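Before I ask anything, here is the structure I am working with.
Predicted model, so just to flag it, every value in this text is computed and none were measured. To find a chain, count down the sequence lines: A is the first, B the second, and so on, and within it residues start at 1.
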Amino acid sequence: MNTLAQTWDWLTSSANWSGQDGVWRRLGQHLYLTSVCLVISCAIALPVALVLGHLGKGGALAVNISNVGRAVPTFAVLVLLLLSPIGTWGDWPTVVALVLFAVPPLLTNAYVGMRGVDRDVVRAARGMGMTGSQTLLRVELPLATPLVLTGVRIAAVQLVATATVAALAGGGGLGRIITAGFNLASTPQVVAGAVLVAALALMVEGVFVAVERSAPVWARGQAS
Amino acid sequence: MTATPDDCLARNEWICGDYLSTRREILWDATLQHLQLTFVSVALGLLLAVPLAVAARRLRWAAAPVLGVTTILYTIPSLAMFSLLLPVYGLSASLVVTGLVLYSLTLLVRNILAGLRSVPAEARQAARGMGYGPTRQLLAVELPLALPAAMAGLRIATVSAVSLVTIGAIVGFGGLGNLIYSGMSTYFKAQVLTASVLCVVIAVAADLVLLGIQRVLTPWSRPTRRAAA
């Protein structure tokens with residue numbers, strides 16, 4: 001119980017929120033890293049997945065890449081990148097690692113969503129004289145949107161988690177509060193940092209669930 | 001740490017045979033710890049997940065809270081999860097095991113429940129018609145039919161656990177993660193690469209072993225691959 005009270009004290013003391021190592025700056029870094037990497041990952045993964053899904057090719061790759069992503073430890077990739085030549089380029093090792101782990105869920109879900117579109121609908125679109133790209137953009141993409149959004153949600157939560165682990169390898173973000181707490185042997189600070197990270201992850205998940213709920217009926221998917 | 005000036009250890013190369021031969025014991029201990037942490041966590045997770053999934057299947061009101069709580073647990077990043085358990089367990093292996101159990105719970109409960117739900121109503125009715133009580137129906141009909149989905153979940157949970165053990169390095173119980181962590185602070189490339197590769201090898205080997213077990217346990221069905229959740 002003592003730790004809980006001390007954690008509360010840590011979280012409510014304004015000195016911990018401001019300054020170079022303060023919560024606000026770390027939170028800003030965390031959100032910045034997460035959103036930049038989410039945009040990069042979407043820009044890389046979604047076009048590839050949509051085109052592959054449209055053509056019906058590369059399915060084994062798109063589905064299995066998630067399993068590969070799960071087997072490779074985030075921490076190992078971060079450290080390997082840190083020791084590699086790009087390790088000296090500031091935030092780049094973190095950005096590369098974050099993107100690497102956000103791409104698989106995006107790729108898999110978008111691909112599965114595209115393949116899940118009713119073939120009769122696609123044939124009807126072709127019968128109406130739509131070209132390949134028209135079918136992709138006006139028929140398949142809208143119908144695949146629920147799963148694409150699910151992929152984006154999983155990727156966003158994954159990014160928050162990976163950005164936290166990046167602190168172990170010297171990256172910025174809220175994870176730094178936790179690692180600093182461990183270095184100081186300050187359990188209250190460790191727990192306070194963990195509470196902040198957990199709250200952020202749950203909030204990101206909550207925002208995406210709310211977006212999915214408020215989307216038009218055709219874009220609503222099954223949470224999976 | 002006294003290496004002759006002209007070997008791959010001194011040159012700090014990524015791939016180094018001398019590292020393997022001189023640090024065999026360290027590597028072996030770390031691998032063993034990695035395997036123990038993974039096995040204990042997944043086994044405990046399975047032990048808890050089966051009754052939870054059965055409860056969620058049998059009692060309508062239990063499904064939503066069980067799925068909700070496990071989903072929330074899964075959303076919490078691993079480093080935060082371990083840190084939240086610090087006041088309870090201190091710097092110990094139990095901390096890592098508890099964190100990993102909580103993660104495997106989500107994957108296992110979700111998959112076992114999906115398996116139980118996919119049991120055809122006809123099969124359950126036939127069991128009842130043959131005079132099976134609820135317990136016998138569960139053990140002899142529903143659980144075997146849920147096995148393929150449950151094994152798919154077990155494989156995902158095991159592979160994830162192997163990878164997450166490395167984060168345990170923050171409290172000193174991370175198996176091969178400990179070697180990666182110490183290799184990072186000393187820029188010891190061979191150690192980091194060797195430990196990372198071993199992690200992936202363990203994950204792939206565990207997956208293949210479980211796939212083999214699944215084939216033996218369910219001779220009547222081909223394993224179903226489901227998209228990652």
Side-chain angles (χ1 to χ4, degrees), chain A residues 2-4 7 63-80 82-84 87 104-105 108-109 111-112 147 150 154 157-158 160-165 167-170 174-175 178-179 181-182 187-188 190-191 193-198 200-202 204-205 223-224, chain B residues 12 14 67 71-88 90-91 110 155-157 159-160 162-171 174 176-177 180-181 183-185 187-189 191-193 195-204 206-207 225-229:
Chain A
N2 198 18
T3 317
L4 275 185
T7 305
V63 173
N64 285 325
I65 197 164
S66 275
N67 300 334
V68 176
R70 229 191 310 271
V72 179
T74 319
F75 180 45
V77 171
L78 275 161
V79 176
L80 285 173
L82 189 72
L83 299 190
S84 74
T108 304
N109 279 282
Y111 181 86
V112 171
L147 267 176
T150 303
I154 297 172
V157 173
Q158 170 84 55
V160 171
T162 315
T164 313
V165 174
L168 279 179
L174 286 174
I178 298 178
T179 50
F182 270 107
T187 305
V190 170
V191 177
V195 168
L196 291 168
V197 169
L200 180 64
L202 290 172
V204 169
E205 166 104 1
S224 65
Chain B
N12 196 15
W14 284 105
L67 282 178
T71 304
I72 288 176
L73 287 175
Y74 196 67
T75 307
I76 297 174
S78 48
L79 187 61
M81 179 75 93
F82 290 155
S83 305
L84 284 173
L85 295 168
L86 184 67
V88 186
L91 301 172
R110 228 186 259 170
R155 285 169 59 198
I156 296 178
V159 170
S160 309
V162 170
S163 141
L164 283 173
V165 165
T166 53
I167 308 291
I170 187 83
V171 292
L176 292 159
I180 300 177
Y181 199 49
M184 177 181 74
S185 32
Y187 282 84
F188 195 169
K189 289 178 178 173
Q191 175 155 312
V192 172
L193 186 65
S196 307
V197 169
L198 274 175
C199 278
V200 177
V201 169
I202 292 176
V204 172
D207 197 42
R225 284 227 154 181
R226 33 187 75 242

Side chain to side chain donor-acceptor pair (under 3.5 Å) against A:Thr162, all qualifying residues, sequence neighbours excluded: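 Result, side chain to side chain donor-acceptor pair (under 3.5 Å) vs A:Thr162: A:Gln158.
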How would you list, by chain and number, every residue that makes a side chain to side chain contact (heavy atoms under 4.5 Å, CB included) with B:Val201, sequence neighbours excluded?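 Only B:Val197 meet the side chain to side chain contact (heavy atoms under 4.5 Å, CB included) criterion with B:Val201.
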Let me know if B:Tyr181 has heavy atoms under 4.5 Å from chain A in its side chain, its backbone, both or neither.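 Both parts, heavy atoms under 4.5 Å.
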Could you state the interatomic distance from CG (B:Leu86) to OG1 (A:Thr3), rounded to the nearest 0.5 Å?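 Output value for this atom pair is 8.5 Å.
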What part of A:Val72 is in contact with chain B, defined as an atom under 4.5 angstrom from a non-hydrogen atom: side chain, backbone, both or neither?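 Contact with chain B: backbone and side chain both.
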Taking the side chain as every heavy atom from C-beta outward, state whether A:Val157 and B:Tyr74 have any atom pair closer than 4.5 Å.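 They are not in side-chain contact.
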What part of A:Ile178 lies closer than 4.5 angstrom to a heavy atom of chain B: side chain, backbone, both or neither?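 Only the side chain of A:Ile178 comes within 4.5 Å of chain B.
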Part of B:Ala80 within contact of chain A (heavy atom distance under 4.5 Å):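 Contact with chain A involves both backbone and side-chain atoms of B:Ala80.
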Kindly indicate whether the side chain of B:Arg110, heavy atoms from C-beta on, has any atom under 4.5 Å from the side chain of B:Thr71.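 Sidechains of B:Thr71 and B:Arg110: in contact.
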Could you state the interatomic distance from OG (B:Ser78) to CG (B:Leu164), rounded to the nearest 0.5 Å?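 Those atoms lie 5.0 Å apart.
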Tell me which of these, B:Leu91, B:Leu176, B:Thr166, B:Ile76, has more heavy-atom pairs under 4.5 Å with chain A than the rest.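 Between B:Leu91, B:Leu176, B:Thr166, B:Ile76, the count favours B:Thr166.
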Out of A:Val165, A:Leu168, A:Val191, which one racks up the most heavy-atom pairs below 4.5 Å with chain B?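 Heavy-atom pair counts peak at A:Leu168.
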Side chain, backbone, both or neither: which part of A:Ala163 has an atom under 4.5 Å from a heavy atom of chain B?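 It is neither, since no heavy atom gets under 4.5 Å.
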Would you mind checking which part of B:Val192 comes under 4.5 Å of any heavy atom in chain A, side chain (CB onward), backbone (N, CA, C, O), both or neither?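 Both parts, backbone and side chain.
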If only atom types and distance count, is the side chain of B:Asp207 paired as donor or acceptor with the main-chain N or O of B:Val159 below 3.5 Å?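 No, because the side chain of B:Asp207 does not come within donor-acceptor range (under 3.5 Å) of the backbone of B:Val159.
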Can you tell me which portion of A:Val68 sits under 4.5 Å from chain B's heavy atoms? Options are side chain, backbone, both or neither.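 For A:Val68, neither part sits under 4.5 Å from chain B.
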